[in-house]
2 protein chains.
Amino acid sequence: MSKRKPNSRHRRGSAQPTLSQVAELAGVSPITASRALNDPERVNAATRQRILDAMERIGYVPNLVAGSLASARSRFIAVIVPSLANAVFIEVIQGLQATFEAAGYQILLGNTDYDIEREHQLVRTFLGWSCSALVTAGLRHSPACRELLAGCDRPVMEVMELGEALNLNVGLDHREAGGRMARHLLERGYRDIVYVGARMADDYRAGMRYAGHRATLEAAGLEPRLLELDRLGSLEAGAQGLDRVRERFPRTEAIHFANDDLATGALLHALRLGLRIPGDVAIAGFNGLPLGQHVTPRLTTIHSPRGTMGRLAAEQVLRCLAGDEVEARQQDVGFELRIGEST
Amino acid sequence: MSKRKPNSRHRRGSAQPTLSQVAELAGVSPITASRALNDPERVNAATRQRILDAMERIGYVPNLVAGSLASARSRFIAVIVPSLANAVFIEVIQGLQATFEAAGYQILLGNTDYDIEREHQLVRTFLGWSCSALVTAGLRHSPACRELLAGCDRPVMEVMELGEALNLNVGLDHREAGGRMARHLLERGYRDIVYVGARMADDYRAGMRYAGHRATLEAAGLEPRLLELDRLGSLEAGAQGLDRVRERFPRTEAIHFANDDLATGALLHALRLGLRIPGDVAIAGFNGLPLGQHVTPRLTTIHSPRGTMGRLAAEQVLRCLAGDEVEARQQDVGFELRIGEST
DNA sequence: TACAACGATGATAGCGCTAACATGATAGCG
DNA sequence: CGCTATCATGTTAGCGCTATCATCGTTGTA
């Protein structure tokens, strides 16, 4: 029933207390109240306390959206990963999150589901949020996305792998890692070796490891064999992978799996089947997930420092944001062969 | 060297193309350009195409910060969890994320690290971002945080457990789940049963499961035994838990672990030690993680539908945001006893 | 004592967008 | 043919905050 007053045209807003109200209560101007929060040193201690009290009293919550618009910068860091189902990305995210959060930044998490177009969309959205920096998992982007990232005038960090990066880069050499494991298998005397990947068109870093693996085998005069599964890595997929390898390549002595999930799934499945490991078949993985280190026999794998990768990447970005000179735009976190009893 | 012109006082902004520039190029007013994006039906098709072309041409990226300020609502959903190290939360987040993302919402992820004050801080920050709704893992909050949530005038969803919720609630009854597993162990004939928890002051839902476990044992006239570890659940901790139980309660017939990580860690450790399961000791867990279903013997556990929980919660929140009447503010997703060979 | 240097605070003017209302053209109706 | 309904678009006025420049004492110094 209550008709809106005809004169007062607008009345919007969220009915939340505003900085102006705080300022009025404290008897200062809004800008001083703003400074009390964002640049406390520039405000007289007594005045500041009066302002903080007023905020407390009326339950003021800063409107960060307004602040970001006015200052043209947010305290958001965009983080874009291809999947949340993979423990590897989670650990990198944890490293990023802890470091950024400690510096007062909030993470905007995006999940591409291995869709490169989706990534482009996410980058647009995050730029629309005036994020301070972007972190993406991997170096592969659609051309439009790459252009957007190159021209966005803020730190762009690409993690997980090393290569021709747009700007900042922290990761490891997957090709080399794949080669390293292949060499280990050769050193152990295995000759009939199969590499098992899972959707390597999407998980292209697994493809890079395979490339290293293949090159090593070829250099040794052996014929590389590849089995590719059409679903992402999981324990279940690993079990299936083992079955398929035994069916297709019955003389196989060793299986080099694209990751620990696959490898552990195969290992547990092999135990169920009563196979001896590595007597009947040797199994190797990649990642160094805890899981593989708790089974018997322990999984031979290549450990990558994922938490560290996230932390280093975040520190690098923070340094950039602080305006410090960044010494190394590219950082190799390396990897480590961990030999268990499975090979 | 180039002195700023003395008259033009300000010149800020990000040098990014704006809607006004798009509008000018397309020969319409800014509001029409705005509508072409946010409410396409209300704009003539030809005009709309002209506007979209103009956007494409100058590489316009919507400034979502400005849009949110003007409309007093963002498309953010705050999601607050106590940890990212636990697969359980990850799976809930995945369910939330997929559903919210499909509806055009962006998740703001917060990690409290089991610190209730940190949660309060996160809620403040997220409210400052004008998030459309909040999702928190669990019902426990600091009084100030609870007050903030109660008065924030947007959907608040509490997931994971059921109880006295602020507003919306999707979860399961942990007390009942703990009781259910205890009953199973009793039915199997075990009498000397130990419950192993890990930092239950923090992981208080594990404490609720223990309460159900204890009640069931007491009702059967048995004395409940508890072993608490001072670190969070992990395979490693589970192995340690088994050792401690065997040392402290040598006659133990069955161990009810607070979660699958602990249980699986113990199970694998037991196999390493050459113990028979369940002959020497029976092992049960909670969660229904894939891991436990791939070991031999398979782990007896209680499966909770975590992905579903996330999805249902998100759907409920979306319904609320759409203004639909919400039929049930509280939803029990239940749980399922999955009997493996470990008991 | 005059003047620069500094510290504390304020006035003004937007940031880029959209809600609310307004306008003008066209269509539908008896 | 005058009236209202509907559609397409425009005008106006902020959303709540902060960058920029301005002001006004106070202090230190020659």
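Order of the sequence lines fixes the chain letters, A, B, ..., with proteins taken first and strands second; residue numbering starts at 1 for each chain.
Comparing atom distances between the A:T18 side chain and each of D:dT18, D:dG16, C:dT18 picks out D:dG16 as nearest.
Between the CG atom of B:L37 and the P atom of C:dT18 there is a distance of 8 Å, rounded to whole Å. Atom CG of A:L19 is separated from atom P of D:dC17 by 4 Å (rounded to the nearest Å). Taking atom CZ on B:R75 and atom P on C:dT18, their separation rounds to 12 Å, with Å as the unit. Going from atom CD of A:Q16 over to atom P of D:dC17 covers 10 Å, rounded to whole Å. Look at CE on A:M55: it is 12 Å from C1' on D:dC17, rounded to the nearest Å. In this structure, the CZ atom of B:R73 is 15 Å from the P atom of C:dC17, given to the nearest Å. Rounded to whole Å, atom C1' of D:dA8 lies 12 Å from atom CG of B:D39. A straight line from CD1 of B:I51 to P of D:dA8 spans 12 Å, rounded to a whole angstrom.
Here A:R75 pairs with nothing under the side-chain hydrogen bond (donor to acceptor under 3.5 Å, both in side chains) rule; sequence neighbours left out.
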Worksheet item: Could you go step by step and tell me if A:R329 and A:N167 meet the side-chain hydrogen bond (donor to acceptor under 3.5 Å, both in side chains) rule?
Response: CA-CA 7 Å; A:R329 310 199 79 75; A:N167 182 359; 2.7 Å; yes

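Counting only residues at least two apart or on different chains, the salt bridge (charged side-chain N to carboxylate O under 4.0 Å, His left out) pairs with a member in residues 107-124 of chain A are A:R118-B:E101. Counting only residues at least two apart or in different chains, side-chain hydrogen bond (donor to acceptor under 3.5 Å, both in side chains) contacts with residues 147-162 of chain A comprise A:H141-A:E158, A:E161-A:Y204, A:E161-A:R205.
A residue-by-residue look at B:P30 and B:A66 shows that B:P30 has its nearest nucleotide of DNA chain D further toward the 5' end.
Within 6.0 Å of the CD atom in A:E24, the count of heavy atoms belonging to other residues, nucleotides or ligands does not exceed 12.
At least one donor-acceptor pair closer than 3.5 Å links the side chain of A:Q330 to the backbone N or O of A:G163. Between the side chain of A:S132 and the backbone N or O of A:S74 there is at least one donor-acceptor pair closer than 3.5 Å. Of the possible polar contacts, one joining the B:Q106 side chain to the A:L109 backbone as a donor-acceptor pair under 3.5 Å is found. One N or O on the side chain of A:Q316 and one on the backbone of A:A328 form a donor-acceptor pair closer than 3.5 Å.
In the helix from C:dT1-D:dA30 to C:dG30-D:dC1, the rotation axis of the first five pairs and that of the last five pairs differ in direction by 30°, rounded to 10 degrees.
Heavy-atom distances under 4.0 Å link DNA chain D to A:Y60, A:N63 of residues 57-65 of chain A, given in residue order.
Side-chain contact check for B:F89 versus B:P82: some heavy-atom pair is nearer than 4.5 Å. The closest side-chain heavy-atom distance from B:F76 to B:S130 is not below 4.5 Å.
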Nucleotide N/O to protein N/O under 3.5 Å, stretch nucleotides 4-9 of chain C:
{"residue": "C:dT9", "atom": "OP1", "partner": "A:T47", "partner atom": "OG1", "Å": "2.8"}
{"residue": "C:dT9", "atom": "OP2", "partner": "A:N44", "partner atom": "N", "Å": "3.0"}

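Between D:dC17 and A:S34, no contact under 4.0 Å exists linking OP1 or OP2 to a side-chain N or O.
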